[in-house]
Amino acid sequence: MDSLEAQSAGLAAAEVSSVELVDAALARIEAADATLNAVVGVRGDAARAEAAAADARRSAGDRRSPLDGVPLLLKDNMVQQGEPTTCSSRILEGFVSPYDSTVVTRLREAGAIVLGRSNMDEFAMGSSTEHSVHGPAHNPWDTGRSCGGSSGGSAAAVSSGMLPFALGSDTGGSIRQPASFCGVTGLKPTYGRVSRFGLVAFASSLDQIGPIARTARECAWILDAIAGHDAKDSTSIPEPAPRVSDALDGDVSGLTIGMPREYFEEDGADPEVVSCVRAAISELERGGAKLIEVDLPHTPFVVSTYYLVATAEASSNLARYDGARYGRRAEGVSDVDEMYRRSRSEGFGDEVKRRILLGTYVLSAGYFDAYYRKAQQVRTLVRADFERAFAQCDVIAGPTYPEVAFELGSKQDDPINMYLSDVYTVSANLAGLPAISIPCGLVRDLPVGLQLQGRAMDEATLLRVADGFQGRTDHHDQRPPGHLGQAAR
Ligand code: GLN
């Protein structure tokens with residue numbers, strides 16, 4: 001019983017209690033996390049007490065949502081009152097949040113139980129969950145490999161059956177890429193669909209929170225719980241969020257799927273990954289969808305554009321970690337300048353420093369027009385590419401990532417190579433569009449992700465196609481070898 005759907009049904013039928021689910025999750029974390037390092041903190045007693053309250057409430061007839069009584073993990077960049085948030089950074093050592101993020105408030109209203117926090121790349125910068133003060137997280141399919149990043153701990157925890165779902169954040173692919181590496185489903189909603197209040201900012205015009213679970217249907221339930229306008233986030237979409245779970249009818253007939261020429265000509269991609277994705281898209285055609293080719297001509301520029309915009313915003317957002325206000329302060333300093341310098345030098349890891357330097361450079365006088373302003377202009381062109389494509393099709397399909405999970409350590413010395421592999425995921429953030437990664441097969445015994453991108457505000461169609469695919473296939477039911485969920489009930 002390791003899926004959200006199974007746990008939810010078990011709770012609804014009173015076959016299992018929320019306390020039992022919390023205890024089972026704690027036992028699985030205990031058994032597997034010494035190997036995976038996916039979880040960086042649990043709140044066992046508090047979660048058990050909340051589960052007991054949820055059990056009492058449901059047995060009195062008050063079941064709030066399909067998530068009611070189900071345990072989950074938060075990525076460690078979403079705050080919860082009275083709990084630490086580290087963002088996998090030394091600089092947040094000792095920080096305890098005085099307030100709840102809006103996603104935590106909404107999950108609580110839906111009855112879900114936050115059991116703990118998941119490992120991630122420091123400040124969500126990375127694609128491997130190797131840049132973490134807690135040490136790297138490992139892929140349950142092959143523990144010598146990366147689980148992806150930056151929401152790698154969330155994906156690994158769901159994949160290994162520790163918990164049925166987790167939240168991640170996605171600035172340039174950080175929900176979708178780890179979902180693809182770990183063989184689970186991950187949704188990045190439209191920019192502004194889910195409130196960012198209480199999400200530690202990386203790049204504010206790109207960041208978005210979303211669910212990681214086994215299926216599109218489960219992601220729809222989670223989105224229904226967390227989506228919607230929030231007065232505390234002025235960029236959240238003012239219109240009420242439609243209930244996307246109502247849109248899932250299992251039917252993809254009559255829909256048009258666009259296949260961008262540029263995504264299938266990509267030289268650097270693993271050919272076996274590309275053919276696995278092509279085969280998956282053919283399955284949608286067998287289900288009655290129409291396939292067409294579309295053009296996204298600015299694809300060759302999306303990675304550079306993303307790394308200019310994201311680092312510029314990060315350099316500004318991370319200015320607040322100065323040793324004075326949050327977390328860790330350097331000791332034995334003689335003046336305020338030294339406090340700033342040493343707190344930041346000691347507190348940030350190398351990848352975060354690299355991004356702050358890059359971002360400061362592209363925003364500096366003399367380079368602003370050449371880099372930052374230019375990147376904003378290209379961003380507009382990328383958005384226009386998608387508008388043209390979506391005049392012809394309902395969703396755009398392609399690979400989530402050019403390769404399967406790579407070996408831990410294999411890319412540490414080559415950050416540019418790691419950046420370039422974000423070519424399929426960053427466009428959805430630049431254009432603000434919803435996108436999902438769903439398992440679509442194995443290459444050399446490792447999961448491959450099919451990415452679907454949708455029109456802004458239209459998570460419903462995106463999830464409908466993903467659900468239609470999962471109704472016709474069983475890739476999402478594959479479990480990693482030696483998977484705990486099979487051993488432990
Ligand atoms: N891999 C990308 C980066 O390193 C995406 C990160 C993210 O989405 N948070 O910036």
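Whatever order the structure lists them in is the order used to number ligands and atoms, beginning at 1.
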For side-chain contact (heavy atoms from CB on, under 4.5 Å), just list the numbers for S146 and T129, CA-CA rounded to whole Å, side-chain angles, deciding distance to a tenth of an Å, and then say yes or no.
CA-CA 7 Å; S146 168; T129 314; 5.7 Å; no
Short N/O distance, under 3.5 Å, between K75 and ligand 1?
no
F123/F202 aromatic ring centres below 6.0 Å:
no
Keeping N119 on the side-chain end and V40 on the backbone end, is there a donor-acceptor pair under 3.5 Å?
no
Which residue and non-hydrogen atom of the protein lie closest to atom 4 (O) of ligand 1, and at what distance in Å?
R355 NH2, 2.8 Å
Do ligand 1 and G172 have nitrogen or oxygen atoms that lie under 3.5 Å from each other?
yes
One finds that the ligand 1 atoms under 4.0 Å from a non-hydrogen atom of D170 are 8 (O)
Residues in side chain to side chain donor-acceptor pair (under 3.5 Å) with R196, at least two apart?
Y191, T235
F181 vs Y401 aromatic rings, parallel, tilted or perpendicular, using cut-offs 30° and 60°?
perpendicular
When only distance counts, is G149 in polar contact with ligand 1, meaning an N/O pair under 3.5 Å?
no
Answer yes or no: does an N/O atom from A124 fall short of 3.5 Å to an N/O atom of ligand 1?
yes
Closer than 4.0 angstrom: is that true for some heavy atom of S150 and an atom of ligand 1?
yes
Going by the 4.0 angstrom heavy-atom rule, the piece of D422 near ligand 1 is side chain
N/O separation below 3.5 Å, Y306 to ligand 1:
yes
For a quick check under 3.5 Å, do E459 and T190 share a side-chain donor-acceptor pair by atom type?
yes
Find all atoms of ligand 1 within a distance of less than 4.0 Å from any non-hydrogen atom belonging to F202, and give their numbers and elements.
9 (N), 10 (O)
Quick one: does S88's side chain have a donor or acceptor within less than 3.5 Å of a partner on M120's backbone?
yes
Among S127, S174, P178, which one has a heavy atom closest to atom 6 (C) of ligand 1?
S174
Cut-off 3.5 Å, side chains only: do S427 and Q453 have a donor facing an acceptor?
no
Pick, from Y307, Y419, Y401, the option with the minimum heavy-atom distance to atom 3 (C) of ligand 1.
Y307
